[in-house]
Amino acid sequence: MASPRLETFCCPNRDPATQLVLDYQPTVFGSLCIGSGLVSSILTIIQLLPKTKQGHRKPGRSTLPRPSSSRILLLVVVCDLLGCLGVILRSTVWMSSPSLISNISLKNTTDVWPTAFCVGSAMWIQLFYSASFWWLFCYAVDAYLVIRRSAGLSTIVLYHMMTWGLAILLCIEGVAMLYYPSVSNCEEGLEHAVPHYVTTYAPLLLVMIANPILFRRTVSAVATLLKGRQGIYTENERRLGTEIQIRFFKIMLVFVICWVSNIINESLLFYLEMQPDINGDQLKNVRNAALITWFIMGILNPMQGFLFTLAFYGWTGCSISFRSQQKEIPWENMSSSSAVESAGNGVIGSFLNYPGYIQDLKKAELGNSQQTDEALCMLSEGNGSIAERITRNSPIYQGW
């Protein structure tokens with residue numbers, strides 16, 4: 001699991017609340033983390049591998065064009081997968097080498113490798129999960145900009161700079177404040193650890209608060225876009241808008257399920273830290289709730305990558321193909337961009353004998369319809385039914 005408590009654990013003079021959760025059934029907790037991480041990693045890789053179905057590539061992750069939104073979704077899953085691998089490695093080492101944990105607790109030890117592994121593995125996990133949060137925020141921003149026709153492939157460079165820059169900066173800053181003046185002699189008290197917790201949970205809270213707002217604005221813009229595409233708002237357009245709205249809801253549902261336990265657990269542990277004696281009988285229920293949410297975190301945090309693939313692409317099946325597919329599936333050939341290329345030549349060519357102003361008008365309408373369909377296809381990445389419906393309702397597909 002991913003928690004700033006694990007960086008705090010690398011300090012020999014750790015606080016009582018951190019010691020409480022780390023000392024409670026460490027073997028069981030480590031086993032849960034390893035099991036959840038392995039299941040999530042294997043299923044995530046299966047989801048991302050190319051699939052075949054009746055000789056054609058099965059509709060899934062790689063069947064649509066590669067706009068910036070689809071690349072962001074893939075980067076979210078990759079960051080989750082790398083963070084999950086860090087959780088598996090750290091839990092495996094801790095379970096196989098109990099002496100490693102005991103050496104970290106010694107202040108005057110000369111063995112630096114236990115502390116180095118503790119800090120390195122914790123920073124690895126925090127970095128990639130933090131990057132995953134920033135990529136999710138970029139996805140919400142990009143979805144809104146795509147509908148507003150203000151985004152494109154060039155914006156992915158800006159997203160890379162923002163995501164990795166902020167993730168690395170906040171990770172280094174938080175750890176530097178936590179381990180001041182040194183890892184073996186961390187400052188005691190709650191105040192010195194607050195910046196570290198802020199830098200860890202800031203991107204998580206940003207996604208929980210900002211993404212629903214951006215998604216809601218995007219859904220409203222989609223409805224306006226669908227109404228303006230053909231001048232009417234039929235049941236098909238309403239169904240398209242609903243399916244995109246459900247897609248956004250599934251993304252936020254997975255995120256909240258995987259990380260709300262972290263916020264609850266951290267709030268409970270902070271409450272315990274402010275008490276003079278965390279072992280008092282009146283705090284028994286708080287301690288139990290903190291331990292329960294701690295174990296829930298160990299199960300749900302590593303599962304985020306796999307659950308996101310289900311939200312993004314649905315279940316893509318187990319029919320893995322290790323051969324490169326040269327043919328695209330039939331419906332992909334009728335996507336908006338390729339439909340323009342195939343049908344546009346005939347349509348525009350038929351206008352050559354008409355007056356120039358009619359030809360220019362048809363070209364403008366064709367371009368507007370193409371932009372609208374491409375924007376909707378970007379939001380429907382991984383959902384073949386949405387993309388098919390967008391294409392078939394397109395004036396280009398219908399041959400005008």
Side-chain angles (χ1 to χ4, degrees), residues 1-4 6-7 10 37 40-41 44-45 47-48 61-62 66-90 116-146 150-179 195-211 214-215 251-252 254-255 258-259 262 301-302 304-309 311-312 378 381:
M1 43 78 71
S3 171
L6 296 170
E7 282 97 336
C10 301
S40 177
S41 299
T44 301
I45 293 173
Q47 284 279 87
L48 296 180
R61 180 187 63 83
S62 58
R66 303 292 297 173
S68 56
S69 296
S70 65
R71 296 187 180 186
I72 292 173
L73 296 181
L74 180 59
L75 287 168
V76 170
V77 176
V78 170
C79 288
D80 286 334
L81 182 60
L82 291 174
C84 183
L85 294 177
V87 172
I88 296 173
L89 176 62
R90 182 186 60 198
F117 174 79
C118 180
V119 175
S121 60
M123 290 184 64
W124 173 279
I125 296 169
Q126 179 188 346
L127 174 64
F128 283 107
Y129 276 115
S130 179
S132 174
F133 301 154
W134 286 113
W135 277 122
L136 278 173
F137 175 70
C138 289
Y139 173 73
V141 173
D142 189 76
Y144 181 74
L145 294 179
V146 163
S150 302
L153 286 175
S154 60
T155 56
I156 194 69
V157 179
L158 298 177
Y159 296 147
H160 273 288
M161 295 173 61
M162 184 185 78
T163 297
W164 296 112
L166 289 174
I168 294 174
L169 177 64
L170 293 178
C171 181
I172 294 177
E173 181 182 1
V175 170
M177 294 292 293
L178 178 65
Y179 296 142
H196 172 61
Y197 292 101
V198 171
T199 57
T200 301
Y201 284 107
L204 187 151
L205 294 175
L206 176 66
V207 173
M208 282 191 173
I209 296 173
N211 277 36
L214 290 171
F215 286 153
I251 292 174
M252 289 308 304
V254 169
F255 186 80
C258 290
W259 295 101
N262 292 59
N301 289 176
Q304 179 181 243
F306 169 63
L307 294 178
F308 266 146
T309 61
F312 295 159
M378 288 179 186
E381 166 69 19

**Q** Return the orientation label for the F308 and F312 ring planes: parallel under 30°, perpendicular over 60°, tilted otherwise.
**A**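 Parallel, since the angle between the ring planes stays under 30°.
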
**Q** Quick one: OG1 on T163 to CG on L75, what's the gap to the nearest 0.5 Å?
**A**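 CG of L75 is found 8.5 Å from OG1 of T163.
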
**Q** Taking all heavy atoms of Y159 and all of I72, pick out the closest pair and write down the distance.
**A**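 Here Y159 and I72 meet closest at CD1-CD1, 3.6 Å.
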
**Q** How many angstroms lie between CG in L307 and OG in S40, if you round to the nearest 0.5 Å?
**A**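 Nearest 0.5 Å value for the CG-OG distance: 7.0 Å.
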
**Q** Would S41 and L81 count as a side chain to side chain contact (heavy atoms under 4.5 Å, CB included) here? Give the steps.
**A** CA-CA 6 Å; S41 299; L81 182 60; 3.8 Å; yes

**Q** Do you know which two heavy atoms are closest between F133 and P203, and how far apart they sit?
**A**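 In this case the closest contact between F133 and P203 is CB-CB, 3.8 Å.
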
**Q** W124 versus C171: any side-chain heavy-atom pair under 4.5 Å?
**A**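 No, their side chains stay 4.5 Å or more apart.
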
**Q** With side chain to side chain contact (heavy atoms under 4.5 Å, CB included) as the criterion, how do L204 and F255 come out once you've worked through the C-alpha distance, each side chain's angles and the decisive distance to 0.1 Å?
**A** CA-CA 9 Å; L204 187 151; F255 186 80; 4.0 Å; yes

**Q** Counting C-beta onward and ignoring hydrogens, is there a side-chain heavy-atom pair between T44 and D80 closer than 4.5 Å?
**A**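 Of all side-chain heavy-atom pairs linking D80 with T44, none is under 4.5 Å.
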
**Q** Using atom types as modelled and distance alone, determine if a side-chain donor or acceptor of N301 lies under 3.5 Å from a backbone N or O of C258.
**A**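 Yes: the side chain of N301 pairs with the backbone of C258.
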
**Q** Are the ring centres of Y139 and W135 closer than 6.0 Å?
**A**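 Ring-ring flag for Y139/W135: false, centres at least 6.0 Å apart.
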
**Q** Please examine the side chains of Y201 and N262, heavy atoms only from C-beta on, and report whether any two atoms are closer than 4.5 Å.
**A**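 A side-chain contact exists here, since the closest heavy-atom pair is under 4.5 Å.
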
**Q** Does M162, at its CE atom, have more than 12 non-hydrogen atoms belonging to other residues, nucleotides or ligands within less than 6.0 Å?
**A**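 Enclosed.
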
**Q** Can you see which heavy atom on W164 is nearest to which on A131, and at what distance?
**A**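 For W164 and A131, the tightest heavy-atom pair comes out as CZ3-CB, 3.6 Å.
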
**Q** Can you measure from CG (L127) to CG (L82) and round to the nearest 0.5 angstrom?
**A**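 Output value for this atom pair is 9.5 Å.
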
**Q** Determine whether L214 and F137 satisfy the following criterion, side chain to side chain contact (heavy atoms under 4.5 Å, CB included), listing intermediate values before the conclusion.
**A** CA-CA 9 Å; L214 290 171; F137 175 70; 4.1 Å; yes

**Q** With a 3.5 Å distance limit and no angle check, can you tell me whether S121 reaches the backbone of C118 through a side-chain donor-acceptor pair?
**A**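 Here the side-chain-to-backbone pair exists.
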
**Q** With rounding to the nearest 0.5 Å, note down the distance linking CG in L73 to OG1 in T309.
**A**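 With rounding to 0.5 Å, CG (L73) is 11.0 Å from OG1 (T309).
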
**Q** For N211 versus L136, what's the shortest heavy-atom pair and its separation?
**A**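 Heavy atoms only, the tightest pair is ND2-O, 3.1 Å.
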
**Q** If you compare all heavy atoms of V175 against all heavy atoms of H196, which two are closest, and at what distance to 0.1 Å?
**A**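 It is N-ND1, 4.1 Å.
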
**Q** Can you name the closest pair of heavy atoms from V254 and A311 and give their distance?
**A**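 Looks like CG2-CB, 4.2 Å.
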
**Q** Return the CD1 to OG1 distance between I172 and T199, rounded to the nearest 0.5 Å.
**A**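 Reported to 0.5 Å precision, the distance equals 11.0 Å.
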
**Q** About how many Å separate NE2 of H160 and CG of L158, when rounded to the nearest 0.5 Å?
**A**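 That separation rounds to 10.5 Å.
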
